[in-house]
Amino acid sequence: MAASRARSTFRLPPLPTIREIIKLFRLQAAKQLSQNFLLDLRLTDKIVRKAGNLTNAYVYEVGPGPGGITRSILNASVAELLVVEKDSRFIPGLQMLSDAAPGKLRIVHGDVLTFKIEKAFPECLKRQWEDDPPNVHIIGNLPFNVSTPLIIKWLENVSQRDGPFAYGRTQMTLTFQKEVAERLTAGTGSSQRSRLSVVAQHLCQVQHVLTVPGRAFVPKPQVDVGVVHFTPLTQPRIQQPFELVEKVVQNAFQFRRKYCHRGLGMLFPEAQRLERTGKLLEGADVDPTLRPTQLSVSHFRSLCDMYRKMCDEDPHLFAYNFREELKKNKCGNQEKEGDRESYGL
């Protein structure tokens, strides 16, 4: 009981400000890494509060940088904070925080895209998928250049219940460019509706919980930043493998301004495209003249179920990639042109 009370009242001792840390270690945001620092601790506190109650929680922070959000997480009375930072320039500043919070902050110098989180926290934290989310959270101010591939990777982990989700329905609170945040949360019919909207919303409850003005960051990005909170659903809204859902959704949005049959047709070889696209849409009971942005998650569930049925009937179908067919056709046409020139035609 005493230990629990001690943890719940923890506060960091007086430390140099984030601005002073940046000056002390001569840190500069690397433009090629899309780095932007958040210096206002009132804002970092606000972002961390959007993650919910973190008392005695185990938190995985991605891209801590000079440690602004890191301080706010530590001050939220967490049991343990694990940070993964790729840029070695930030390690000394983070080590200063670790020294100020003995036993609370663990630093890994590594790449969040390849780091294995499955065994980083105690086994006792694991929960059944149908239970309430575990006391494990992911929080991060993501560099813009990795935010989309990282969330796609984590959504695939959600579907497979591995990676950070080996502990159960781990919640995530992450920053994105405002436009990406709006895509993640866009509803059916929204102009921002996209592949990201469908893939995220069929697996998670997704909320755009806060907008942070670009001027709050150093250097100031050209856009504002959206904070998005994800809670994995107990059951995905589309009961098909992640790669199949991704393929159907991605193809549907190939031509977002055209009717949906145009993009969905790219799921099939050119010689059978018209016939098979018709079969897909008819079997899924989807109007071929709907735009991709007008397709709901229910529409995509029907399309994925029908496409799966067609793949089961034709085992070679899922491996088909229209870009490879285009490439082969292009190479074939170039060879024919070469032959024509050789014969003087």
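Any value given below was found using the heavy atoms of this structure, including those in side chains, with hydrogens, waters and symmetry copies removed.
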Task: Between CG on residue Asn135 and OH on residue Tyr167, distance to nearest 0.5 Å - done: 13.0 Å

Task: Donor-acceptor contact present, side-chain Thr55 to main-chain Ser77, <3.5 Å - done: no

Open item on the list: Looking at Asn56 and Val78, would you say the former's side chain and the latter's main chain have a donor-acceptor pair under 3.5 Å?
Closed with: no

- [ ] Might you point out which heavy atoms bring Ala51 and Leu54 nearest each other, and give the distance in Å?
- [x] CB-CD2, 4.3 Å

Open item on the list: Taking atom CD as the centre, does Gln272 end up with more than 12 heavy-atom neighbours from other residues, nucleotides or ligands that are less than 6.0 angstrom away?
Closed with: yes

- [ ] May I ask you to decide if Leu12's main-chain N or O and Asn75's side chain share a donor-acceptor pair within less than 3.5 Å?
- [x] yes

Open item on the list: Are the side chains of Phe300 and Val199 in contact, using a 4.5 Å heavy-atom criterion?
Closed with: no

- [ ] Verify the neighbour count for atom CD of Gln128: are there more than 12 heavy atoms of other residues, nucleotides or ligands below 6.0 Å?
- [x] no

TODO: Could you list all the salt bridge (Lys or Arg N to Asp or Glu O under 4.0 Å) pairs where at least one residue sits in residues 290-318, not counting sequence neighbours?
DONE: Arg276-Asp314, Lys279-Glu313, Arg308-Asp312

Open item on the list: Are there over 12 heavy-atom neighbours, none belonging to Leu233, within less than 6.0 Å of that residue's CG?
Closed with: yes

- [ ] Please examine the side chains of Phe253 and Leu295, heavy atoms only from C-beta on, and report whether any two atoms are closer than 4.5 Å.
- [x] no

Result block: side-chain N/O donor-acceptor pairs under 3.5 angstrom for residues 204-211, not counting sequence neighbours:
unit_1: His208; atom_1: NE2; unit_2: Leu210; atom_2: O; d: 3.3
unit_1: His208; atom_1: NE2; unit_2: Thr211; atom_2: OG1; d: 3.2

TODO: Would you check if there is a donor-acceptor pair between the side chains of Thr70 and Glu61 at a distance under 3.5 Å?
DONE: yes

Task: Of all pairs that satisfy salt bridge (Lys or Arg N to Asp or Glu O under 4.0 Å), the ones with a partner from residues 45-58, not counting sequence neighbours - done: none

- [ ] Would you give the length of the straight line joining atom CD of Gln240 to atom CG of Leu303, rounded to the nearest 0.5 angstrom?
- [x] 11.5 Å

- [ ] Flag the pair Phe144 / Val180 as yes when at least one side-chain heavy-atom distance between them is below 4.5 Å, and no otherwise.
- [x] no

Open item on the list: Please enumerate all residues that pass salt bridge (charged side-chain N to carboxylate O under 4.0 Å, His left out) together with Asp111, with sequence neighbours excluded.
Closed with: Lys86

Open item on the list: Looking at every non-hydrogen atom in both residues, tell me the closest pair between Met266 and Tyr320 and how far apart they are.
Closed with: O-CE2, 3.4 Å

TODO: Using salt bridge (charged side-chain N to carboxylate O under 4.0 Å, His left out) as the criterion, list what pairs up with Arg256, not counting sequence neighbours.
DONE: none

TODO: Walk me through it: do Phe10 and Lys104 pass the test side-chain contact (heavy atoms from CB on, under 4.5 Å)?
DONE: CA-CA 10 Å; Phe10 175 82; Lys104 284 190 171 287; 3.6 Å; yes

Open item on the list: Contact between Val228 and Leu174 at the side-chain level, heavy atoms closer than 4.5 Å - yes or no?
Closed with: no

Task: Distance in Å, Ile151 CD1 paired with Leu155 CG, rounded so as to fall on 0.5 Å steps - done: 4.5 Å

TODO: Treat each ILVMFWY residue as a node, draw an edge where side-chain heavy atoms are under 4.5 Å apart, and state whether Leu264 and Tyr259 are in one component.
DONE: no

TODO: Using side-chain contact (heavy atoms from CB on, under 4.5 Å) as the criterion, list what pairs up with Arg323, not counting sequence neighbours.
DONE: Gln254, Asn321

Task: Contacts of Pro133 that satisfy side-chain contact (heavy atoms from CB on, under 4.5 Å) - sequence neighbours left out - done: Arg169, Gln171, Thr231

TODO: Treating Ile, Leu, Val, Met, Phe, Trp and Tyr as nodes and any side-chain heavy-atom pair under 4.5 angstrom as an edge, say whether Val286 and Leu274 lie in one connected cluster.
DONE: no

Open item on the list: Restricting to salt bridge (charged side-chain N to carboxylate O under 4.0 Å, His left out), what partner residues turn up for Glu325, sequence neighbours left out?
Closed with: Arg273

Open item on the list: Taking salt bridge (charged side-chain N to carboxylate O under 4.0 Å, His left out) as the definition, give me every residue that meets it alongside Glu270, ordered by chain and number, with sequence neighbours left out.
Closed with: none

- [ ] List the atom of Ala216, the atom of Leu38, and the distance in Å for their closest heavy-atom pair.
- [x] O-CD1, 3.5 Å

Task: Atom pair CG (Leu317) and CG (Leu267), whose distance is rounded to the nearest 0.5 Å - done: 7.5 Å

- [ ] Quick one: sort the Tyr307 and Phe318 rings into parallel, tilted or perpendicular, breaks at 30° and 60°.
- [x] tilted

Task: salt bridge (Lys or Arg N to Asp or Glu O under 4.0 Å) partners of residues 192-208, not counting sequence neighbours, each pair once - done: Arg195-Glu246

TODO: Please tell me if the side chains of Thr277 and His261 come closer than 4.5 Å, counting only heavy atoms from C-beta onward.
DONE: yes

Open item on the list: For Ala181 versus Phe176, what's the shortest heavy-atom pair and its separation?
Closed with: N-CB, 4.0 Å

Task: Audit row: Val158, Thr170, side-chain contact (heavy atoms from CB on, under 4.5 Å) steps and yes/no - done: CA-CA 9 Å; Val158 171; Thr170 300; over 6 Å; no

TODO: With sequence neighbours excluded, tell me which residues meet side-chain contact (heavy atoms from CB on, under 4.5 Å) with Arg106.
DONE: Glu80, Leu82, Ala120, Phe121

Task: Residue list, side-chain contact (heavy atoms from CB on, under 4.5 Å) with Arg42, at least two apart or on another chain - done: Asp40

Open item on the list: Return the CG to CE distance between Leu281 and Met306, rounded to the nearest 0.5 Å.
Closed with: 9.5 Å

Task: Thr44 to Gly68 - nearest heavy-atom pair and separation - done: OG1-O, 3.7 Å

Open item on the list: Restricting to non-hydrogen atoms, name the atom on His137 and the atom on Ala57 that form the minimum distance, rounded to 0.1 Å.
Closed with: CD2-CB, 3.9 Å

TODO: Check step by step if side-chain contact (heavy atoms from CB on, under 4.5 Å) holds for Asn157 and Trp154.
DONE: CA-CA 5 Å; Asn157 289 145; Trp154 278 341; 3.4 Å; yes

Task: Nearest-0.5 Å distance that lies between atom OG in Ser298 and atom CZ in Arg237 - done: 9.0 Å

Task: Side chain proximity check, Tyr58 to Pro134, heavy atoms < 4.5 angstrom - done: no

Open item on the list: Testing the 3.5 Å rule here: is there a donor-acceptor pair between the side chains of Ser302 and His299?
Closed with: no

Open item on the list: Can you confirm whether Leu142 sits close enough to Leu150 that some side-chain heavy atom of one is under 4.5 Å from a side-chain heavy atom of the other?
Closed with: yes

Task: Glu179 and Arg183: CA distance, side-chain angles, deciding distance, salt bridge (charged side-chain N to carboxylate O under 4.0 Å, His left out) verdict - done: CA-CA 6 Å; Glu179 183 180 353; Arg183 285 179 194 162; 2.6 Å; yes

TODO: Determine whether more than 12 heavy atoms belonging to other residues, nucleotides or ligands lie under 6.0 Å from atom NZ of Lys258.
DONE: no

- [ ] Output, in order, the C-alpha distance, side-chain angles, deciding distance and verdict of side-chain contact (heavy atoms from CB on, under 4.5 Å) for Ile47 and Ser72.
- [x] CA-CA 9 Å; Ile47 290 171; Ser72 294; over 6 Å; no

Open item on the list: I'd like to check Val84 versus Tyr60 (side-chain heavy atoms, cut-off strictly below 4.5 Å). Are they in contact?
Closed with: yes

